[in-house]
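Have a look at the structure below before the remarks.
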There are 2 protein chains.
Amino acid sequence: MDEKKKKIIKAAEQLFAQFGFLKTTMEDIAKKAHMGKSSVYYYFKSKEEVFAEVIRQDTLVFQQKLEAAVSNAKTPDGKIRAYVITRMTHLQDLSKFYSTLTDEYLDHYLFVEEVRKDFYVYENTVLKNLLEEGIKQNCFDVDDVVTISRMISIAIKGLEFPLFVEAKDYDPVKESNDMLNVIFKGIENQ
Amino acid sequence: MDEKKKKIIKAAEQLFAQFGFLKTTMEDIAKKAHMGKSSVYYYFKSKEEVFAEVIRQDTLVFQQKLEAAVSNAKTPDGKIRAYVITRMTHLQDLSKFYSTLTDEYLDHYLFVEEVRKDFYVYENTVLKNLLEEGIKQNCFDVDDVVTISRMISIAIKGLEFPLFVEAKDYDPVKESNDMLNVIFKGIENQ
DNA sequence: CTTTCGACCGAAAAACGGTATTGGTCGAAA
DNA sequence: TTTCGACCAATACCGTTTTTCGGTCGAAAG
């Protein structure tokens, strides 16, 4: 039962990555999972739900990766650095894998919006916690943790952009580190 | 002669703003400029060139506005603040005026890409100069001016995004200031 | 009672052929 | 030098027909 679901998800994941959401039909998925279309509908009630589950799985893996990276780092600023860099490199991989999907204007689908929003909330929570941990250890000096974590989030989001347009010679690790240097040290003479 | 060109540009600007690039025809522009279509082609060799010129004019006004704001501010960090905030508010106005244009996927047109790139270069130059001025006055402490100005550019670019999707209750001035606080002060305890 | 699937439905997309627009050219005339 | 009517070719548009595809249903297999 759960075995079959996994089979469907796995098939769907590959197809979505290769052909995108629109070009992948339920029959493609069914065929690749070695069953009839109706059987897929026995496990998922819509195409969107299959896709949502694929994304959910990917997100889960992503978050585990992030948490592992963070807990491997020792200092608060090292943790933030680990978070950002892991985030960027993972996104770089994703952008290659899901290349057909990126230009497939599915921003309108509400569930994509939801996933994005969920991740946004997750990210802000993580950053907020890391900031607070840093404050406790007297490493950081910020008063409005919520605002600052949002600003960090926005700043690193800016680094994302070149990943989704063509941009060779783009080194996300260097860019991330540069950005974090600014965020940590600031530019003003103290 | 130049008088006629201006007339065309003015007519085109209004039409592009109201109907977008695709829905605006050369005859519309000609009619609004009180001349025949072929006459427009006497002054401009293509529709794209008309559009490019419109954008070029707008950009010029934008840059003058920015330079005025910068020279009004006294301190180096005040100048950067003035630059960023003027930039954001102007973009906010633009996004309203050209609302039909934003979702009209003209990223593929190379001249749009060029204008964007030109502005990007311009912005980096301005920021670089402001940074260097600040360094001379002993206000800033940065070693790689080019990298840092790029980072500032990227960070404030992130603030742009909510302007072009629907986002009421978005206060670009507050967001800009928050971001600049991070960039100036950093978050680490010194 | 769970699971599979062939047959089917309706809506939306593709195919298509013919017409109208529209970006762009040219040569004549003002 | 400047304007414009006439013209061209490519493409947008439109109404219609056909196909595809997401999703349902009921029967049957296990």
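Both backbone and side-chain heavy atoms feed into the values below; hydrogens, waters and symmetry mates do not. Chain naming here is simple, since letters A, B, ... match the order of the sequence lines and numbering starts at 1 in each.
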For this session: Output yes when A/Glu133 and A/Lys136 qualify as a salt bridge under the 4.0 Å nitrogen-oxygen rule, no when they do not.
Result: no
Problem set entry | Separation of atom NZ in B/Lys45 from atom P in C/dC26, rounded to whole Å | 15 Å
Exercise. What is the ring orientation for A/Phe62 with A/Phe119, classed by angle as parallel under 30°, tilted 30 to 60°, or perpendicular over 60°?
Worked result: parallel
Problem set entry | Carboxylate-amine/guanidinium proximity below 4.0 Å for B/Lys32 and B/Asp28 | no
Problem set entry | B/Lys47 NZ - D/dA10 P separation (whole Å) | 18 Å
Exercise. Considering the terminal five base pairs at each end of the helix from C/dC1-D/dG30 to C/dA30-D/dT1, what angle separates the two local helix axes, rounded to 10°?
Worked result: 30°
For this session: Kindly assign one of parallel, tilted or perpendicular to the pair B/Phe51 and B/Phe16, based on the angle between their ring planes and the thresholds 30° and 60°.
Result: perpendicular
Exercise. Whole-Å distance between C/dG24 C1' and B/Glu48 CD?
Worked result: 12 Å
Problem set entry | Charged N-O contact under 4.0 Å between B/Arg56 and B/Glu53 | yes
Atom pairs, protein N/O to nucleotides 3-7 of chain D N/O, distance under 3.5 Å:
unit_1: D/dT3; atom_1: OP1; unit_2: B/Lys4; atom_2: NZ; d: 2.4
unit_1: D/dT3; atom_1: OP2; unit_2: B/Tyr43; atom_2: OH; d: 2.8
unit_1: D/dC4; atom_1: OP2; unit_2: B/Gly36; atom_2: N; d: 2.8
unit_1: D/dC4; atom_1: OP2; unit_2: B/Ser39; atom_2: OG; d: 3.2
unit_1: D/dG5; atom_1: O6; unit_2: B/Ser38; atom_2: OG; d: 2.2

Exercise. Is the closest side-chain donor-acceptor distance between B/Glu123 and B/Tyr83 under 3.5 Å?
Worked result: yes
Problem set entry | Residues from residues 8-16 of chain B lying under 4.0 Å of DNA chain C - heavy atoms | none
Problem set entry | Whole-Å distance separating the CE atom of B/Met26 from the P atom of D/dT11 | 17 Å
For this session: Would you mind reading off the distance between B/Asp28 atom CG and C/dT21 atom C1', rounded to a whole angstrom?
Result: 11 Å
Exercise. Any chance NZ of A/Lys65 has more than 12 other-residue heavy atoms, nucleotides or ligands included, within less than 6.0 Å?
Worked result: yes
For this session: Please determine, by modelled atom types, if A/Arg150 and A/Asn124 share a side-chain donor-acceptor pair under 3.5 angstrom.
Result: no
Exercise. To the nearest angstrom, how far is B/Lys5 atom NZ from D/dT1 atom P?
Worked result: 15 Å
